[in-house]
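Reading through the structure tokens given below for one structure.
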There are 2 protein chains.
Amino acid sequence: MEEPLSKAFAALADPTRRDIVARLAAADATVGELAEPYAVSVQAISKHLKVLEDAGLVSKTKVAQSRAVHLEAEVLDLMTAWIERYRQRAEQRYQRLDAVLAQMTEEEGHAS
Amino acid sequence: MEEPLSKAFAALADPTRRDIVARLAAADATVGELAEPYAVSVQAISKHLKVLEDAGLVSKTKVAQSRAVHLEAEVLDLMTAWIERYRQRAEQRYQRLDAVLAQMTEEEGHAS
DNA sequence: GAAGTCTTCAACCTGATGGTTGACAACGGC
DNA sequence: GCCGTTGTCAACCATCAGGTTGAAGACTTC
């Protein structure tokens, strides 16, 4: 299933949502608390939280009449796993390329 | 600057683009080669590659009449750095919560 | 139970995105 | 020099994303 990754990457593509995630990493917060610093309506933040929740990055628990939002580490884990897999391959290929270039330079040196 | 992260996350939100990245991790390829497996026009893939290029995930070098596309590891690095930063904090908080709950359970045991 | 607070749902607008087709620029092979 | 191949640009279309305002749901408090 790669749907979760699509939703997760899309969710973190928005600066406001990344900021929310950053703040939630420090401490849980209610919807109202999260909305306070931004110059948009509470409804807009509620939508952002829904996107984060649908991506599995965040979960809410009813607390009195408000909702406590907290960060879920698992999907973040999936994301790094995906990225690292290909970053490492790319880096390895890059180093191999360096080796090939060094080899070519060396051989050129011998030829001249 | 967080513009690069926005573009990078948005770029990887699309399954076709993630697939392209995955293939480029194995080997460089031309635009035509990259487009071949998908049931869309070459122009559509060209657009996808432009998105990846604007995000700094990919670069192209003119080779004869075609263009060799290759993966850039650096932005992938930025992404994992960002994610890991907050994933680790979230995980630490989670473990701390576990400790608190264990403490509460223990104290409850003493009270009863 | 009426009032107030916190959050979400619904309808709507605007701009971005992913796709199409058609034209064109650039380059190698003959 | 022309033709075929490769890739991009432009215009267009449909859908989605992020924002707004207004109304309604859910729960405390008095």
Side-chain angles (χ1 to χ4, degrees), chain A residues 2-24 27-72 75, chain B residues 2-24 27-72 75:
Chain A
E2 60 167 328
E3 184 206 331
L5 277 179
S6 289
K7 286 190 176 179
F9 280 117
L12 294 188
D14 186 280
T16 301
R17 287 194 293 258
R18 279 202 307 283
D19 195 56
I20 288 175
V21 166
R23 292 168 58 203
L24 288 175
D28 287 3
T30 67
V31 176
E33 287 167 354
L34 288 173
E36 194 268 324
Y38 310 110
V40 297
S41 63
V42 179
Q43 290 93 321
I45 300 301
S46 182
K47 275 194 186 181
H48 279 309
L49 290 172
K50 183 160 182 48
V51 172
L52 288 169
E53 195 175 14
D54 287 348
L57 285 164
V58 135
S59 66
K60 297 178 204 155
T61 58
K62 241 182 280 192
V63 169
Q65 71 274 43
S66 65
R67 274 146 183 78
V69 183
H70 61 97
L71 189 57
E72 295 288 337
V75 175
Chain B
E2 59 168 327
E3 183 207 332
L5 278 178
S6 289
K7 286 189 178 180
F9 281 117
L12 294 188
D14 185 281
T16 301
R17 287 195 291 258
R18 278 204 308 283
D19 195 55
I20 288 174
V21 166
R23 291 169 57 203
L24 287 176
D28 288 2
T30 66
V31 177
E33 287 167 355
L34 288 172
E36 195 270 323
Y38 310 111
V40 297
S41 63
V42 178
Q43 289 94 322
I45 300 301
S46 182
K47 276 194 185 179
H48 279 308
L49 289 173
K50 183 160 182 48
V51 173
L52 288 169
E53 196 175 13
D54 287 349
L57 286 164
V58 134
S59 66
K60 297 177 206 157
T61 58
K62 240 183 280 190
V63 170
Q65 70 274 44
S66 65
R67 274 148 182 79
V69 184
H70 61 96
L71 189 56
E72 295 288 337
V75 175

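Letters go in sequence order (proteins before strands), and every chain restarts at 1. Everything numeric here is computed off the predicted structure, so don't read it as measured data.
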To check you understand the geometry: which heavy-atom pair defines the closest contact between Arg18(A) and Ser6(B), and what is its length?
NH2-OG, 2.9 Å
Can you tell me if the side-chain N/O atoms of Ser46(A) get under 4.0 Å from OP1 or OP2 in dT7(C)?
no
List for me each residue that meets side chain to side chain contact (heavy atoms under 4.5 Å, CB included) alongside Ala68(B), sequence neighbours excluded, and say none if there are none.
Thr61(B), Val63(B)
For Val69(B), which residues count as a side chain to side chain contact (heavy atoms under 4.5 Å, CB included) partner, sequence neighbours excluded?
Leu24(B), Val31(B), Leu34(B), Leu49(B), Val58(B), Lys60(B)
Just the rounded figure in Å: distance from C1' of dG18(D) to OH of Tyr38(A).
15 Å
Near DNA chain C, under 4.0 Å by heavy atom, which residues of residues 51-61 of chain A?
Lys60(A)
Mind calculating the distance between CZ (Arg17(B)) and P (dA16(C)) to the nearest angstrom?
15 Å
Between dC9(C), dT8(C), dG18(C), which nucleotide gets closest to the side-chain atoms of Lys50(A)?
dC9(C)
Under 3.5 Å, which protein N or O atoms sit close to an N or O of nucleotides 21-25 of chain C? Give each pair with its distance.
unit_1	atom_1	unit_2	atom_2	d
dG22(C)	O6	Gln43(B)	NE2	2.8

Tell me every residue that passes salt bridge (charged side-chain N to carboxylate O under 4.0 Å, His left out) with Asp28(B), counting only those two or more places apart in sequence or in another chain.
Arg93(A)
Closest approach of Gly56(B) and Glu72(B), non-hydrogen atoms and distance?
O-CB, 3.5 Å
Quick check on DNA chain D: between Lys47(B) and Asp14(A), whose nearest nucleotide comes earlier from the 5' end?
Lys47(B)
Nearest whole angstrom, please: distance from the P of dG7(D) to the CD of Glu36(B).
13 Å
Would you please confirm or rule out a distance under 4.0 Å between OP1 or OP2 of dA17(D) and any side-chain N or O of His48(A)?
no
d(CG, Leu49(B); P, dT6(D)) in whole Å
15 Å
Distance in angstrom units between Phe9(A) CZ and dT17(C) P, rounded
17 Å
Under 4.0 Å protein heavy-atom contact, by nucleotide of nucleotides 25-30 of chain D - B base, S sugar-phosphate only
--SS--
With sequence neighbours excluded, give me every salt bridge (charged side-chain N to carboxylate O under 4.0 Å, His left out) pair touching residues 34-51 of chain A.
Lys50(A)-Asp54(A)
I'd like to check the side chain to side chain donor-acceptor pair (under 3.5 Å) partners of Arg67(B); sequence neighbours left out, ordered by chain and number.
none
Residues passing the side chain to side chain contact (heavy atoms under 4.5 Å, CB included) test with Ala8(A), sequence neighbours excluded, are Val75(A), Met79(A)
Could you pull out all residues at least two apart from Ser41(A) that satisfy side chain to side chain donor-acceptor pair (under 3.5 Å)?
none
Shortest non-hydrogen contact between Thr16(A) and Tyr38(A), atoms and distance:
O-OH, 4.1 Å
Let me know the distance between CG of Leu34(B) and C1' of dT6(D), rounded to the nearest Å.
13 Å
What residues form a side chain to side chain contact (heavy atoms under 4.5 Å, CB included) with Ala10(B), not counting sequence neighbours?
Ala13(A)
